[in-house]
Each structure stands twice: as structure tokens, then as C-alpha cells.
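Here is the structure we will look at.
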Amino acid sequence: MTNPLLADWDTPFHIAPFDRISDDDFAPAFEEALSAHLREIDAIANNPEPPSFANTIEAMEGAGEALDKVLSVFFSVAGADSNPERQALQREFSPKLAAHSSAIYANETLFARIADLWARRDTLGLSEEEARVLYLTHRGFVRAGAALEGAEAERMKAVKSRLAVLGTSFTQNLLKDEADWFMPLAEADLEGLPGFVVDAARAAGEALEQDGPVVTLSRSLIVPFLQFSPRRDLREKAFRAWAARGENGGETDNREIAAEVLALREERAKLLGYPDFAHFKLETEMAGTPERVRELLMQVWEPAKAQALRDQAEMEEMLRDDGVNDALQPWDWRYYAEKRRRASYDLDESELKPYLQLDRMIEAAFTCANRLFGLEFAPLDVPLYHPDCRAWEVTRNGEHLAVFIGDYFARASKRSGAWCSAMRSQAKRPRVETPIVINVCNFSKPSQGKPALLSYDDARTLFHEFGHALHQMLSDVEFGSVSGTSVARDFVELPSQLYEHWLEVPEVLEEFATHAETGAAMPKALLDKVLAAATFDMGFQTVEYVASALVDLEFHSGAAPADPMAKQAEVLQGIGMPQAITMRHATPHFAHVFAGDGYSSGYYSYMWSEVMDADAFAAFEEAGGAFDPETAHKLEEFILSKGGSREAEELYTAFRGRMPGVEALLKGRGLVA
Ligand SMILES: [Zn+2]
């Protein structure tokens with residue numbers, strides 16, 4: 001019998017036949033699909049015909065269909081519904097996949113064909129999108145080191161493998177420092193802590209086999225402890241331990257690792273012909289150059305710092321009222337900020353929750369997509385990997401567009417967080433593929449017969465992930481490698497963060513935020529409080545974030561610093577970091593930057609996307625409202641349908657008529673009047 005993962009899927013819209021697949025099918029299908037892909041690649045590389053776009057680039061686009069099928073099913077269940085077998089398979093598959101893609105990049109015969117096409121690109125009569133795909137394919141190979149020869153190629157291999165080892169050590173040291181430290185609390189030390197923090201501290205004590213409650217360095221425990229504990233001495237002790245992660249001397253100290261990583265990254269960039277690592281890394285981003293990133297961050301820095309210092313002055317008075325004769329310290333900030341928050345907004349989540357029903361919020365997200373883009377959603381009955389998953393067919397003017405799957409409830413087998421992935425990406429060549437897109441969240445599941453209720457953050461997450469889903473579902477390009485969310489990292493959060501704005505549109509909340517029991521619309525006063533609370537303490541949040549982003553950028557600009565801690569101090573001094581605020585992630589525990597390559601000289605990208613989403617939503621407001629049809633049409637035409645088929649800057653400029661400015665972001669964060 002054919003392995004169900006590799007068979008033709010005769011299901012509606014060729015959705016994976018989840019009910020026919022068992023865990024035993026994954027390993028054999030994976031091996032078979034890997035070798036099938038390599039055979040296809042070899043056939044392309046050794047084609048006796050001279051290279052053409054069709055027999056090389058388009059053929060590569062079409063290769064690996066079986067592998068795509070196997071991985072789309074496997075990664076869906078491994079992330080959202082894992083079990084020990086699936087975890088073991090994941091440990092087995094990850095290094096094999098890494099080796100598989102390295103082998104393709106190292107295929108010299110294949111690269112020779114790509115390089116030949118690249119050299120003749122102007123004579124090939126390519127369409128704009130074909131030229132773009134050739135450019136991206138060639139660039140991907142060159143950046144992976146395919147054009148290096150001899151000693152340089154060898155050195156590149158050694159540098160990369162050493163970087164992988166250092167990244168793993170960095171993470172493991174950090175985990176060890178986090179796991180090793182805890183602070184026992186006496187019953188009297190619990191005073192002033194809300195019930196949920198006390199519960200979490202007791203649970204942590206039990207998990208560590210202690211006699212009583214403890215504070216650990218887990219963000220979900222230490223942050224509320226710092227927010228609520230009136231005991232300044234305990235806050236200081238906990239904060240100092242938290243800030244010292246990765247910097248405690250001995251075997252788990254990350255400072256030397258950081259220095260070595262930065263030196264090797266610089267070497268890697270120089271081997272590839274870039275002046276430094278930041279130039280190498282930012283080449284593929286919308287920002288493009290370190291200069292533009294620095295300019296953005298500094299435009300936000302000054303107003304954020306000014307706001308933080310105003311807030312600090314207010315809190316220093318509160319500190320004096322408490323009889324403390326000292327400057328406000330980093331371990332004081334969250335505590336006094338929380339006091340201020342309660343005094344100014346007093347927003348009670350439990351008052352809000354009955355108005356935010358999951359089903360009504362899904363309806364709200366669908367209705368906005370209908371008003372903006374004409375999409376219609378009809379429930380679809382197909383077997384999926386878990387009974388909590390729901391599917392809809394997405395159509396427009398009666399035509400099939402995509403399948404959308406929602407898997408909203410938390411369960412032990414699901415990893416934390418929320419995400420959107422395409423089980424199948426849109427493409428027209430060499431095969432027509434319509435998207436199958438899934439949103440996975442971790443909302444708490446109600447008891448039988450009760451409606452599922454969301455927090456405001458949950459509702460925002462639902463809209464966020466649905467924004468990513470729209471980017472996939474409305475994709476309308478030729479090639480899968482540039483469809484949907486296959487865009488620069490600092491561009492990919494634009495559709496998702498932008499869609500969050502529709503949740504805040506008063507008419508949307510009025511219609512869909514209705515009370516689970518009475519059906520009444522959310523009162524205006526409650527709505528106003530929610531919206532006002534959104535900008536609270538933004539000076540602090542922006543300062544701790546921008547400081548981290550600037551340190552990350554300067555680490556990778558110019559020569560790598562021999563002493564990263566000295567460099568960090570120098571950067572912070574240069575920007576006048578307020579003494580009561582620390583970096584969101586200091587160097588020895590800055591996992592975004594040192595655990596792997598993902599966000600190295602890329603930590604800024606969250607803010608880059610936010611600048612754009614604020615500016616893009618302002619386009620609707622300027623045009624007359626959140627549902628302005630012409631602006632919606634432009635958003636689809638120039639951004640949501642185009643994927644990565646053009647440069648992000650070109651797409652944004654086509655949508656907005658200009659590049660975004662920081663004004664809308666500063667306003668949105670409450671940093672300017
Ligand atoms: Zn996102």
C-alpha cells in the first residue's frame with residue numbers, strides 16, 4: 001500500500017488526509033521524499049540541454065513536491081499536537097533537513113547553471129517576476145557561500161559550523177542560569193501579591209521540591225513579582241539575578257561566546273565581500289543598510305526617552321512618599337508603574353472578558369475581510385489532526401480562493417505562542433496551487449457548554465494571525481518561492497500588525513464585542529479605557545527595546561568588538577540611557593542575537609514593521625475610514641497579493657505613494673501629543 005503521505009490526495013481541495021496518516025508513516029515518507037528531491041535536483045543539474053529559466057529555475061521551483069507534502073503535515077502536528085514519537089522524529093529530521101539544504105547549495109554543477117543564467121539575465125527575455133526569482137535564487141546560493149572556492153570555501157564551512165556550536169552553547173548556558181536560580185519566599189513575603197502570582201510562586205516551589213513558594217527567573221513569574229511586590233529588598237535581589245543571566249562567571253558565562261560569535265560573523269561577511277556583518281545581514285531586508293536602521297531607531301529614541309524621564313519623575317515622587325530616600329532603580333520601575341496604571345486606568349480584565357467571545361471575534365475578523373476584500377467564509381467538513389480544528393472554504397464572487405483552518409485552543413500537546421503557517425503556498429507555475437492556511441493559538445478552552453472567552457490580548461492575537469493568513473490567501477503570484485509571507489523579515493509583520501487595527505475600530509467592537517450572557521454591546525466607557533491603557537508605560541517599553549536594538553546594530557557594524565560588554569556600555573552611554581531602565585535583553589542573555597542568526601542585526605525589525613503598520617492604517621483614516629474601498633483595493637493589489645515578487649520598498653511606495661515616516665508610530669505609542 002502506498003504511504004498515505006506520498007499518495008495522491010483525493011480529498012476536498014487536496015487537504016492532507018489526516019485521518020489516514022499515522023505516526024509510523026512519517027519517517028519512511030520523509031526519507032523517500034528527501035531522496036526524490038535530491039534526484040530531481042540532480043536531474044536539473046545534469047540536464048544535457050543548456051541552462052534556461054524553464055529547465056533550471058522553474059524546474060527547481062517545481063521540485064520537492066513530495067517533501068513539501070510530508071513536511072507540511074509533519075510540522076503542523078509536531079507544533080500543534082505533539083507526542084513523544086513526534087518529538088523524537090523532529091530531533092531526527094532537523095539535522096537531516098539542514099544537511100539536505102546544505103547539499104543543494106553545495107551542488108557545483110547546479111550553481112554553474114544558475115550563475116550562467118544570472119550572467120545572461122538581460123538576454124533571456126524574462127518577465128519581471130521571473131527575473132526576480134532568478135535574482136533571489138542566485139543571491140541565496142551566493143550568500144550561502146556557493147561562489148567561494150578552495151581555502152575560502154573550507155574556511156566558510158568551518159566558520160558556520162563553529163557558529164552553530166556557539167549558538168547552542170549560548171542557549172544552554174542561559175537555560176542553566178535560569179533554571180539554577182530561585183528565591184524562597186516566606187509567607188509574610190507574599191503580602192501585596194495578587195492571587196495569580198501567589199499561585200504561580202507556590203506552583204514553582206512545588207516543581208522545585210521546596211517547602212514553600214519561590215520566585216524563579218521565568219519571565220511569567222519574575223515580571224509580575226517585580227510589578228506587585230512592595231518589598232524593595234526582595235525586588236532588588238530578584239532583579240539583580242535576572243539581569244545577571246549569562247554573566248555569572250564559570251562555565252555558563254556567555255560573555256566570551258558573544259565575543260567569538262561577533263568575530264566569526266564579521267569574518268563570514270568579509271569572506272562574502274561585505275564590509276561588515278550588518279551590511280551582509282541587512283542586504284535582504286527592506287531597511288537595506290545599517291544607516292537606515294540607525295536613523296529610524298534614533299528618531300524614536302529621543303521622544304521615547306523624554307516620555308520615560310517624565311514618567312520617572314512622577315514615580316520618584318511616589319518613591320519618596322513611600323519614605324525611600326533613593327533614586328528610582330531598575331527594580332522599582334515595574335512596581336511604581338503598576339501603581340500608576342491602577343490609579344489612572346483601573347482596567348479590570350474580568351469585566352472585559354464576557355464581551356470578547358471567540359466565535360464572535362472570528363466572525364469579526366471574517367466580516368472585516370469581507371468588507372475590505374470581498375472574501376466569504378463557509379464552514380468545511382474535513383478530517384483534521386485534532387477535533388478542536390475548524391476549517392472554512394474561502395471564496396470570492398463564488399470562486400474558490402483558499403482553505404482557512406483555525407486551531408484556537410491551548411492543550412498540553414501544543415507549543416506556546418501563536419502562529420500562522422501555510423500547509424500549501426499559492427503558486428501558478430509549474431503547477432497551480434491554492435493556499436491552505438492555518439492559524440494556531442493558545443486560548444483557554446471553556447468547560448462544556450460555556451462560550452470561549454478571550455482577553456483583549458487574545459483578541460488582538462487572533463486578528464494578528466488572521467492578517468498573516470490574508471497575506472497567504474490573497475497571494476497572486478506565479479512562483480511559490482515568492483508567494484504569501486515569503487518576504488523580508490522586517491516586512492512580514494506588516495499585514496499582521498496592520499490587521500490588529502481593525503479590532504480597535506469602534507464600529508467593529510460595537511457589533512461583535514457583545515456580552516456572552518446579556519448580548520449587550522461593550523459600553524463605550526470600557527472601550528475607551530481599553531484603548532487608553534494600550535499606550536501606558538510606552539516610554540519605558542520603547543526605551544528598553546530601542547536600546548537593545550541599537551546595541552545589536554552597533555555590535556555588527558564595523559570591526560567586531562573584542563569586549564562586547566565594553567561596547568554595550570559605550571553605546572548606552574552614547575545615547576544617554578536613563579539609569580532606572582536597563583536593556584530589554586543585555587548581551588549575555590540576548591538570545592535573539594546570539595542563540596542563532598535569525599535576529600542578529602535584525603532586532604530592530606519589530607519596530608520597522610510597526611512604523612509601517614501605523615503609517616499604513618493612517619492611509620485608511622486619511623482616505624475617510626477603516627473600510628475605505630479604494631485604500632483596501634490598493635492594499636491588496638500592492639501588498640497582500642504580491643508576496644515577495646517585488647522589493648518591499650517598491651510595494652510599500654506603490655501602496656502609500658511614499659515611504660513611511662515615524663509620526664504615526666509615535667502617535668500610536670502615545671509618545672507625542
Ligand atoms: Zn506575526
Side-chain angles (χ1 to χ4, degrees), residues 72 75-76 79-80 219 284-287 358 361-362 364-366 368-369 372-373 402 404-408 410 414-423 425-426 435-443 454-475 482-504 534 541 545 548-549 584-585 591-592 596-600 602-617 635-636 639-644 648 651-652 655 660 664-665 668-669:
S72 75
F75 284 120
S76 296
R219 194 171 257 275
T284 59
E285 301 298 318
M286 182 175 177
L358 172 63
M361 286 300 117
I362 294 173
F366 286 177
C368 290
L372 291 163
F373 312 114
F404 175 70
I405 300 169
D407 176 5
Y408 292 109
K414 197 187 268 187
R415 71 177 160 87
S416 59
W419 63 94
C420 171
S421 48
M423 287 190 186
S425 298
Q426 182 268 331
I436 301 175
V437 188
I438 180 161
N439 278 178
V440 184
C441 300
N442 267 290
F443 305 148
L454 305 182
S455 69
Y456 194 72
D457 261 356
D458 291 341
R460 219 172 36 215
T461 300
L462 188 148
F463 270 69
H464 179 102
E465 299 307 333
F466 194 73
H468 284 306
L470 286 171
H471 203 183
Q472 302 277 14
M473 298 191 294
L474 291 171
S475 178
V482 292
S483 80
T485 55
S486 302
V487 299
R489 181 188 299 278
D490 58 1
F491 191 65
V492 75
E493 296 299 329
L494 168 62
S496 53
Q497 292 181 178
L498 175 59
Y499 209 65
E500 290 176 31
H501 289 269
W502 274 275
L503 174 63
E504 294 186 357
Q541 287 183 39
Y545 168 83
S548 294
R584 185 168 166 86
H585 307 284
H592 284 84
D597 243 4
Y599 278 91
S600 50
Y603 193 61
Y604 77 92
S605 52
Y606 297 99
M607 182 148 284
W608 187 272
S609 298
E610 191 181 324
V611 164
M612 277 188 293
D613 79 65
D615 185 70
F617 192 70
L635 181 65
E636 178 177 351
I639 293 178
L640 296 175
S641 69
K642 287 287 189 293
L651 295 178
Y652 194 87
F655 164 68
L665 170 129
R669 289 198 163 213

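Note that ligands are numbered from 1 as they come in the structure, with each ligand's atoms numbered from 1 the same way. Computed over heavy atoms, backbone and side chain alike; hydrogens, waters and symmetry mates excluded. This one's a predicted model, so the numbers in the text were calculated from it and none came from an experiment.
Separation of atoms CZ (Phe463) and SG (Cys368) is listed at 5.0 Å; rounding is to 0.5 Å.
Counting backbone and side-chain atoms alike, Cys420 contributes no N/O/S atom closer than 2.8 Å to the Zn ion (ligand 1). The Zn ion (ligand 1) has no N, O or S atom of Glu465 inside 2.8 Å of it.
Qualifying side chain to side chain donor-acceptor pair (under 3.5 Å) partners for Tyr652, counting only residues two or more places apart in sequence or in other chains: Asp615. The side chain to side chain donor-acceptor pair (under 3.5 Å) check on Thr485 picks up Gln472, with sequence neighbours excluded.
The aromatic rings of Tyr499 and Trp502 lie tilted to each other, with the angle between the two planes from 30° to 60°.
Glu493 contributes OE1 and His468 contributes NE2; the angle these two atoms make at the Zn ion (ligand 1) is 90°, rounded to 10°.
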